[in-house]
Structure formats: C-alpha cells, structure tokens
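Since the structure comes first, as structure tokens, the remarks are kept for the end.
Lettering follows sequence order; numbering is per chain, from 1. Model, not experiment: these values are computed from the prediction.
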Protein chains: 2
Amino acid sequence: MDIKYAILGFLGWQPLTGYDLKKMMAKSTPYYWSGNNNQIYTALVQLHKAGMVTNEVERRGHYLSRKIYTITDKGMAALREWLTSPPELPLLRNSFLVQLAWADQLEPHEQDCLLERYENEVASHLLILREEQRRGSLINPARTPREKYLWERISENHVQFYENELGWIHRTREEIKEK
Amino acid sequence: MDIKYAILGFLGWQPLTGYDLKKMMAKSTPYYWSGNNNQIYTALVQLHKAGMVTNEVERRGHYLSRKIYTITDKGMAALREWLTSPPELPLLRNSFLVQLAWADQLEPHEQDCLLERYENEVASHLLILREEQRRGSLINPARTPREKYLWERISENHVQFYENELGWIHRTREEIKEK
DNA sequence: AAGGACATGTAACACGTTACATGATTTT
DNA sequence: AAAATCATGTAACGTGTTACATGTCCTT
C-alpha cells in the first residue's frame with residue numbers, strides 16, 4: 001500500500017490533518033490517488049494502530065474538531081526503509097491500446113476518428129500539465145536544492161510520458177494516412 | 001471492465017476455451033492482465049449470461065471436458081460499439097516516483113543506488129520486450145496488412161514507453177552526478 | 001515415475017473509486 | 001442568503017492478484 005508511505009512522506013515534512021493530506025496529494029504530480037477520503041482516513045487509522053503516527057485532537061467551536069497527525073520515530077524509520085527498498089516497474093494500463101488491437105474491424109474513417117480522439121485527449125492533458133507547471137500550482141517542497149531538483153524531474157517525467165505518447169500517436173496516424 | 005472486450009476481441013477471431021484465452025493474453029502486448037483464472041472464467045460466465053457468447057461443452061474422456069466459447073451477433077455488436085467509444089487516457093502508476101519524491105532524506109550513495117536499481121529494472125525489462133519481439137513469441141494476428149501494422153504499433157508503444165523511461169532516468173542520474 | 005501442459009473453477013485479499021452522510025465555518 | 005471550503009468518516013462496488021483445489025493427459 002503505497003499510499004501509506006506517501007502519507008508518511010508528507011508527515012515527515014510537517015504535522016497535517018487528513019484533509020490537508022488530501023489536498024496535497026491532489027496538487028502533487030506523483031500522487032495518482034484521486035481526491036479520496038476513504039483511503040486516506042483508513043490509512044491514517046492503520047498507521048496510528050501501527051504506531052507510525054500520533055494524533056492530537058484540536059477542538060474548534062462546539063462540535064467541530066480536527067485531528068492533527070504527527071509522524072513518530074517508528075514511522076520515520078519505516079519510511080526510510082521503504083525508500084531504500086527495490087523500486088518496481090511502473091504499472092501501465094492503456095485501454096486505448098486494447099481498442100486499437102481490434103480496430104481493424106472498423107471502417108477507415110471510424111478508425112481514424114478513434115485515433116484522432118486519443119491524440120486530442122493526450123494533447124489536451126499535456127496542455128493542462130504544462131499550465132499547472134507554469135502557474136506553479138503544483139506543490140514543490142524545495143527545502144533543499146536537491147529536493148527541488150527531484151520534484152522537478154518527477155514533474156518532467158509526467159510531461160515526457162505524455163509527449164512520448166503524443167509522438168507515437170501522431171506517427172501512427174501519419175503512417176496510416178500514407179496508405 | 002476492459003477484459004470483457006478483450007475476450008470478445010479474441011473470440012471474434014475464433015472460438016476458444018478459457019484456457020486458450022489465458023495463454024493468448026499472456027502472449028500479447030496490450031493485455032496487462034497477469035495469467036489470471038479468476039477474471040477470465042468469471043468474465044466468461046458473465047458474457048454468457050448477457051448473451052454475448054455461447055459455449056459448447058466438449059467431452060474428452062470420462063471426467064475431462066472443456067467449454068469452447070463462440071461469440072454471438074450480440075457480442076460482435078457490443079464489441080464494435082466499444083471500439084468506437086471515446087478512448088480514455090492511459091493509467092500510469094509509478095511507485096518509484098513516490099520513492100524519489102522523498103529520496104532527499106537518503107544519503108547520496110543510497111539515493112544513487114535507488115536510481116541505479118530503477119535504471120537496471122527498466123533496462124532489463126526492455127531487453128525482454130525486444131527479445132520477445134525478435135523471437136516473434138508475441139501473438140500477431142496479421143489477418144490483414146492493416147491489422148498487422150496496428151499490432152506492430154502497439155508493440156512499439158510498449159517499447160517506446162520503456163525507452164523513454166530509460167532516457168529520463170539516465171539523464172536524471174547524469175545531472176545528479178554533475179553536482 | 002515425474003513433470004509439465006491441459007482445463008476449470010473458488011476463496012481470500014488488496015487496492016481504488018464513487019457516492020453517501022453530516023455539519024460548521026468562511027467567503028461572496 | 002448562497003456557495004465554497006473545512007473536516008471526518010462510512011458503504012457499496014469494481015477490479016485485479018495470489019493462492020487454493022482438483023484431476024486428466026502427454027511427454028520424457
């Protein structure tokens with residue numbers, strides 16, 4: 001469960017609430033978990049049980065309260081250990097490729113429509129990513145120059161992935177047209 | 001549930017058993033489902049209930065038997081409809097990037113070890129992919145020149161993805177060394 | 001005789017998403 | 001007054017993996 005380590009990572013930075021974590025993950029590139037209450041809150045409970053985090057309840061007003069989580073030494077040690085564990089290959093699932101595998105059954109214009117739609121999807125997502133980078137709406141801790149560099153490279157990894165995909169689909173369409 | 005359409009795709013080609021499907025998926029690039037009984041057999045039951053496939057039980061010996069599934073017109077229509085439905089963006093999950101996000105906490109040599117391991121993982125996977133391509137151990141239907149071309153492009157998409165990743169990690173390591 | 005391929009299925013678990021449920025506080 | 005944000009949680013569902021369970025047939 002990656003998300004636990006992502007949480008530990010953020011808490012290693014500063015104490016945070018579940019709600020804070022949710023927002024931070026939504027704003028940072030490597031976190032593919034979509035704004036997801038269930039996962040975050042249950043992971044926090046599990047981390048608490050395992051002694052990796054402690055929480056302090058802060059009352060505000062009559063009913064409202066929030067839990068501020070802090071990482072423990074045990075949590076820091078677990079994070080460090082995970083950081084040095086063997087990295088895994090990325091998991092890639094592209095259902096478009098499954099469509100393409102059987103696209104020979106389509107009429108030529110339907111087939112090109114499919115390819116064009118995919119190209120547009122990728123291109124517009126790339127624009128969004130670049131815009132986010134440009135506006136600096138993504139989190140970049142930058143506590144040290146090295147950390148800043150690493151986060152920039154992670155962001156770059158995403159952009160490059162979509163650029164690569166765009167190049168591939170473009171060439172595919174060109175080659176089909178030539179026939 | 002993509003896998004249902006993948007099954008319909010293969011059955012559109014020829015009648016097959018669940019076991020056949022399992023092998024074919026394992027041998028073709030765009031099918032990311034790992035040799036998985038549960039999914040295939042339950043999907044076949046669901047497709048059968050939905051009238052997308054029929055099956056014929058072939059007895060062989062006293063106890064042994066196998067179910068040969070055939071796609072129906074309804075199944076073919078469902079497949080065609082899915083093929084023309086709007087493609088989705090690929091789903092990419094790279095837990096290595098989550099490790100990297102917090103890698104500033106590591107000693108320089110531990111950090112480079114992490115990067116090197118990832119580079120090696122990607123490089124060796126790329127070798128496997130290229131070897132599979134070269135040996136032709138991957139399925140390539142090639143019933144028409146266009147279909148052959150499409151499957152080659154799908155295979156190329158995979159290779160390009162890992163090549164891109166390899167380029168990215170290589171450059172990242174070089175830039176870190178320069179400091 | 002042993003091992004591998006053939007063949008079908010179930011059980012338990014892990015991960016992730018959407019939607020539901022509640023209600024206070026702050027901003028417009 | 002309405003809308004957005006803050007804040008925590010639960011329920012139901014979908015998808016995918018590993019391991020379990022069973023037994024035959026074919027090759028070495």
Review point. Between C/dT8, D/dG16, D/dG9, which nucleotide gets closest to the side-chain atoms of B/Y19?
Key: C/dT8

Check your understanding: Roughly, in whole Å, what's the span from NZ in B/K23 to P in C/dT8?
Key -> 10 Å

Review point. OH of A/Y31 versus P of C/dC15: gap in Å, rounded?
Key: 17 Å

Point to revise | D/dT8 phosphate, OP1 or OP2, under 4.0 Å from A/S65 side-chain N/O | key: no

Study note, to complete from the structure: From the candidates C/dG16, D/dT8, C/dT8, the one with an atom nearest any side-chain atom of B/R93 is C/dG16

Exercise for review: Using only side-chain N and O atoms of B/Q39, determine if any of them is under 4.0 Å from OP1 or OP2 of D/dT15.
Suggested key: no

**Study point:** Value in whole Å for how far the P atom of C/dT10 lies from CD of B/Q46
**Key:** 12 Å

Exercise for review: State plainly whether one hydrophobic cluster holds both A/V45 and A/W33, where clusters connect Ile, Leu, Val, Met, Phe, Trp and Tyr through side-chain heavy atoms under 4.5 angstrom apart.
Suggested key: no

**Study point:** Atom pair distance, as rounded to whole Å: OH in A/Y41 and C1' in C/dT17
**Key:** 16 Å

Check your understanding: What integer distance in Å separates A/I7:CD1 from C/dG16:C1'?
Key -> 13 Å

Review point. In this structure, are over 12 heavy atoms from other groups packed under 6.0 Å from A/Q46 atom CD?
Key: yes

Exercise for review: Check every strand shown and say whether A/K4 touches a base, only sugar-phosphate, or nothing at a heavy-atom separation below 4.0 Å.
Suggested key: nothing

Point to revise | Whole-Å gap separating P (C/dA5) and CE (B/M24) | key: 18 Å

Exercise for review: Kindly point out which of D/dC6, C/dA7, C/dG16 is positioned nearest to the side chain of A/Y32?
Suggested key: C/dG16

Review point. Could you state the CG-P distance from B/N38 to C/dA14, rounded to the nearest angstrom?
Key: 15 Å

**Study point:** Nearest-nucleotide 5' precedence on DNA chain C, A/I3 against B/D20
**Key:** B/D20

Point to revise | salt bridge (Lys or Arg N to Asp or Glu O under 4.0 Å) evaluation trace for B/E152 with B/K148 | key: CA-CA 6 Å; B/E152 278 163 8; B/K148 184 166 184 280; 3.0 Å; yes

Exercise for review: Please check if atom CD in B/E56 has more than 12 non-hydrogen atoms from other residues, nucleotides or ligands closer than 6.0 Å.
Suggested key: no

Review point. What is the nucleic acid contact for B/T17, judged by heavy atoms within less than 4.0 Å: base, sugar-phosphate only, or nothing?
Key: sugar-phosphate

Point to revise | Nearest-nucleotide comparison on DNA chain C, the residue closer to the 5′ end among B/G18 and A/D2 | key: B/G18

Practice item. Would you kindly check whether a donor in the side chain of A/N36 faces an acceptor in the base of C/dG16, or vice versa, at under 3.5 angstrom? Key: no

Practice item. Take A/R134 and A/E131 through the test salt bridge (Lys or Arg N to Asp or Glu O under 4.0 Å) and record every step on the way to the result. Key: CA-CA 5 Å; A/R134 200 187 56 76; A/E131 178 65 12; 3.0 Å; yes

Practice item. Mind calculating the distance between CD (A/E58) and C1' (C/dA24) to the nearest angstrom? Key: 14 Å

Exercise for review: Select one nucleotide: of C/dC6, C/dT8, C/dT17, the one nearest the side-chain heavy atoms of A/W33.
Suggested key: C/dT17

